[in-house]
Structure formats: structure tokens, C-alpha cells
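Here is the naming used below: chain letters follow the sequence lines, and residue numbers restart at 1 for every chain.
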2 protein chains.
Amino acid sequence: MSHTLGIRQAQKQKTRQALLDAALGLLEEQSLSSLGLREVTRAVGVAPTAFYRHFRSTADLGVALVEEALGSLHPMIRTTVSTTGDHEERITRAIELISRHVDGYPAHVRFIARERHGGVQPVREAIRAQLARFAQEVKDELAQDPVSEGWSEDDLLMLAHLYVDQMLITASLFLEAQEGPEEEREERTRNVAQVATRQMRLIGLGRHHWLD
Amino acid sequence: MSHTLGIRQAQKQKTRQALLDAALGLLEEQSLSSLGLREVTRAVGVAPTAFYRHFRSTADLGVALVEEALGSLHPMIRTTVSTTGDHEERITRAIELISRHVDGYPAHVRFIARERHGGVQPVREAIRAQLARFAQEVKDELAQDPVSEGWSEDDLLMLAHLYVDQMLITASLFLEAQEGPEEEREERTRNVAQVATRQMRLIGLGRHHWLD
DNA sequence: AATTACAGAGAACAGTTGTTAACTGCATGG
DNA sequence: CCATGCAGTTAACAACTGTTCTCTGTAATT
């Protein structure tokens, strides 16, 4: 399946990735709508015009970043809400997974949180579409749980959206906890985990009594 | 209390407000971090340098916009979660209030959703502080409810945050529903209201069984 | 071995940006 | 009534932006 790329195409993908990485770095302190194409090429060390060989505009680059940040996340989502284990276990595992992901890819998480409601329409749309896919997948996973017996499709989807939004909020809070003075960072992180856990627990309770 | 302003100060406040209004308008299609000071003054019809008489920078203007968008919202928050009426009634009333607010001040809502995780640190901080106040107020309101008997302070606050985040998500969804083709707008709005109502209901269920 | 395709460089463009300085006119307070 | 304060203007600056066109070297194709 995987055709070995020629020297030419390999080098092209390399600079393309360099542009994406540089952009992601620059986006830690600003929004996509203020990101200049020259700014990005300067950070990579390449001529401004080279940008056009890879992206039509910075908005286009933004859409590619959405793909990079969320595209490869679908397997993890399935694991997160997989139906194995006790309820409390599942919650702990989900929070743990989110925490680790934020630690591993903080810039990606920041980018998604920032641009989800950001000033660039195509990027918002791309994020919206990916999150809708996530919700669908969560719904499918929930449907396999015996607890969901008797639930309507609509109700499963509304719960799935609730979970997805909750994951994003939690991820964003973990990110905020990382900023600021080093000393109390661990305490802040633990606090976020604790609150998020209890919120998930409460939602889980509501879920169990939904059909009363 | 209210001292009648001189002609001078009145005119100053008028242009200041004009700057805020123009900025809010321009921010419908971009983020604050890309908003130029000249852009704003041009929209108002005033010299660029006049900007400095009112704000140190666009970030400073952003903080003022946060105040305008959220500062006057505290009474409404208290009403929204006030303990009068049946549970189902309260939910309906809350969703209704959110919907009306989005209808009345769409640009304000968009601004807050966009800049909450936006690229301008002081603005993020200002929004965070206001939302923390909201959570405190919601907590106080919840504490007065008989249902909250036996709840710890921490748990009340975690539930309050859950409610506040849920309100913001719902507001943002109402906003998205307003965009796009006119025809199905009402249907989209009704759908948002329906899903949000059920999510609130589920959270409410979890709340009732929290102490089991 | 000769030809083509194409990633990236270089230079130039018209237009924009934030900020400075010195100014003007008028409402205000003595 | 006059002197002061100050909102807003005008002009100018160096720096920056996105985009176009032309050119170069080299990998890929024939």
C-alpha cells in the first residue's frame, strides 16, 4: 500500500510539515485570523512565496492543522468510552487519557479550543465536522452498553454530545493548569482531574436514572 | 448618585461607545488578536490617534468589551437558576432566557465564546474571572435549594461550573443555529433548545441522586 | 542523454499597520 | 473673561503585509 516517495516528494512533505509545526508554535500566542503567511515562512527559514506551493492561504493551513490535531484521535476516543470495566474505572481512565493527551500535545489542544469558535469560518467548520464524528462514535460505543437499553437514538446522541463537550472543557482546563507558576502546577492539575471526575460521575448518575 | 456629565465628558463617552460598537461589529468575522486599531477608528470615522484617548491597545478595548458583555449579566444569571418553580419549569425558563439573550445580543455572545480561549491573554483572564463569579453566584443559588442539603461546598461549586459551561455551550449553539439559510433556522433553533433541555434534565437527574 | 516538471528563491508592488509629534478648537474652572 | 485642559486632527515614520512575475536548480520522465 505505502508507495515509497521519491526524493522530491519527500522533501516537499518535509517543508510542508515544517510550515505546520511553525504555525502551531506561533499560534500559542495568537489566533489563526492574525497569523501571517510571511510570519510562518520566516520561522521555517524559507521564502514567503514557497508557502503557496503547499497552501492557498493561512486558513487552508488551519484546516490542515485541524486534520492533524483531530484526525488521528478517533481510536483514542473509542478507547476512552469503551465499555470495558466498572463505571468508576471508566471515568478514571477517561480523565487519565485526556490528561496524558494534553501533556503530549498541548499545542494541538490549544489550537482546537481556540479555533473552535475562532474567526476563520472554514476552520470552525472543519472542527465542527470532526467533533460531530466524535459524537457519532461515542454514540455507537454507548449503544453497546447494556445501560443504554430502551434509549432512543436522539437521546443517545444528546448524551454523546454532552460527553464530547465535557472532554473538550476538561482538556482546556488541564491546559490552563499547566500555565503559571511551576510550584502549584501539580496541585492545579490534580484539582482539575478531581472536579472533572465528579462531573463525569454526576452525568453518569443522570444517565442511569434517565428512564425512570 | 448619578452626576450629570458635562458636554465634554458626554461626547467622550459617546465616541468611546462608538469604538466599542464598531469593534464588536468587526469582530464578527475575525478574532481580537487580528483587530487593528486603525480598522476600528476608520469604521467610526475618527482619526487613528483618537483611539489612544480611550484605550491603550486593542487588548485593552477587548477587556472593556468583556465588561460590557458579561458585567450586566449577573442579575439574569441569578434569575435563571432561581429556586422558584418546578424543576422542569426552571429548565424551560433557563433555556428560554438563554435563547432570548442570544437573540438580543448575538455579537456579545459570539465575542465571549470566541475570546474565552482566544489569543489575547488579558481578555482570556477577564472572561475567566467573570465566569468564576457566575459560578459562585450559581453556587449560592443552588445552596438555597432544599435538594442541596448535605452537599459539600466543593460539590456545589463543581455542579455550578457544570451549569455555567453548559449555558455557554448552549448559547454558542443557538448562535450557530442563527447562521445559514433562513428557511430551516427555526427548526435548527428548536432542535438546539430540545437537546439542551434534555441535557439539563439529565444533569438534574444526576444531581438528585448524588447523595445515594 | 535530453527534456520536462516543479519546489523554492528573489525582487518588486501597492497597501497596510502602530506610534510619535506637534497642532487646533472648544468646554471647563478660576 | 481669560487661562487651562484635553478630545480629536494632521502629517509623517519605518516596518510590515499578501501577491505577482521571473528565474534557478535539480529530480523525474522519456
Side-chain angles (χ1 to χ4, degrees), chain A residues 2-27 29-65 115 118-123, chain B residues 2-27 29-65 115 118-123:
Chain A
S2 72
H3 181 256
T4 312
L5 271 51
I7 299 179
R8 194 102 191 227
Q9 301 228 6
Q11 177 55 31
K12 178 167 184 182
Q13 289 216 3
K14 210 170 163 184
T15 52
R16 187 192 136 99
Q17 191 57 47
L19 289 168
L20 288 169
D21 292 347
L24 202 57
L26 292 164
L27 285 173
E29 316 182 351
Q30 63 183 312
S31 307
L32 183 64
S33 86
S34 66
L35 183 70
L37 127 195
R38 292 185 100 106
E39 203 178 345
V40 179
T41 55
R42 193 185 313 128
V44 174
V46 89
T49 47
F51 187 91
Y52 292 108
R53 300 285 177 192
H54 304 274
F55 307 103
R56 233 180 284 275
S57 63
T58 52
D60 193 22
L61 178 145
V63 173
L65 275 178
E115 301 304 330
V120 183
Q121 200 258 337
V123 172
Chain B
S2 71
H3 182 256
T4 313
L5 272 48
I7 300 178
R8 193 105 191 224
Q9 301 228 6
Q11 177 55 32
K12 177 167 183 181
Q13 289 217 2
K14 210 168 163 184
T15 52
R16 185 191 137 99
Q17 191 58 47
L19 288 168
L20 288 169
D21 292 348
L24 202 56
L26 292 164
L27 284 172
E29 314 181 352
Q30 62 183 311
S31 305
L32 183 62
S33 85
S34 67
L35 184 70
L37 128 197
R38 292 185 101 108
E39 203 179 346
V40 179
T41 56
R42 193 186 313 131
V44 173
V46 88
T49 47
F51 186 91
Y52 293 107
R53 299 285 177 194
H54 304 275
F55 307 102
R56 233 180 284 277
S57 62
T58 51
D60 194 23
L61 177 145
V63 173
L65 275 178
E115 300 304 329
V120 184
Q121 199 259 340
V123 172

What donor-acceptor contacts under 3.5 angstrom involve side-chain atoms of residues 42-56 of chain A, with partners at least two apart or in another chain?
residue, atom, partner, partner atom, Å
A:H54, NE2, A:T15, OG1, 3.3

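- Under the rule for a side-chain contact (heavy atoms from CB on, under 4.5 Å), the partners of A:Q13 that lie at least two apart in sequence or sit in another chain are A:L5.
- In this structure, CD of B:Q11 is placed 12 Å from C1' of C:dA27, rounded to the nearest angstrom.
- With sequence neighbours excluded, the residues that form a side-chain hydrogen bond (donor to acceptor under 3.5 Å, both in side chains) with A:D21 are A:Q17.
- Nearest heavy atoms, B:L26 versus B:L35: CB-CD1, 3.8 Å.
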What does the list of N/O pairs under 3.5 Å between the protein and nucleotides 23-25 of chain C look like, with a distance for each?
residue, atom, partner, partner atom, Å
C:dG25, N2, B:R8, NH2, 3.4

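- A:Q11 CD: more than 12 foreign heavy atoms inside a 6.0 Å radius.
- Taking atom NE2 on A:H54 and atom P on C:dA7, their separation rounds to 7 Å, with Å as the unit.
- Pairing each heavy atom of A:L20 with each of A:A64, the nearest pair is CD2-CB, 4.0 Å.
- The side chain of B:T49 contributes no N or O atom lying less than 4.0 Å from OP1 or OP2 of C:dT19.
- The CZ atom of B:F51 sits 14 Å away from the P atom of C:dT20 (whole-angstrom rounding).
- Distance A:F55 CZ to C:dG8 P: 11 Å, rounded to the nearest Å.
- The footprint of chain B on DNA chain D, defined by a heavy-atom cutoff below 4.0 Å, extends from D:dG5 to D:dA12.
- For the pair A:K12 NZ and C:dC6 P, the interatomic distance rounds to 9 Å; values are reported in whole Å.
- A:L61 and A:A23 make their closest contact through CD2-CB, 3.5 Å (heavy atoms, listed as atom of the first residue, atom of the second, distance).
- In terms of the side-chain hydrogen bond (donor to acceptor under 3.5 Å, both in side chains) criterion, B:S31 has no residue partners (sequence neighbours excluded).
- Remark: P of C:dT17 and OH of B:Y52 are 12 Å apart, rounded to the nearest angstrom.
- In the region residues 30-39 of chain B, proximity to DNA chain C at under 4.0 angstrom, judged on heavy atoms, holds for B:G36, B:L37, B:R38.
- Using a 4.5 Å heavy-atom cutoff, the side chains of B:L32 and B:L65 are not in contact.
- Within 6.0 Å of the CD atom in A:Q9, the count of heavy atoms belonging to other residues, nucleotides or ligands does not exceed 12.
- The 5' end of DNA chain C is approached more closely, in terms of each residue's nearest nucleotide, by A:R16 than by the other of A:R16 and B:R56.
- For the residue pair B:S34 and B:E39, the shortest heavy atom distance occurs at O-OE1, 4.0 Å.
- Among the protein residues, A:T15 comes within range of the sugar-phosphate backbone only, with heavy atoms under 4.0 Å from sugar or phosphate atoms but none that close to a base.
- Among the heavy atoms of the strands lying under 4.0 Å from B:R42 are primed sugar atoms or P, OP1, OP2 only; no base atom is included.
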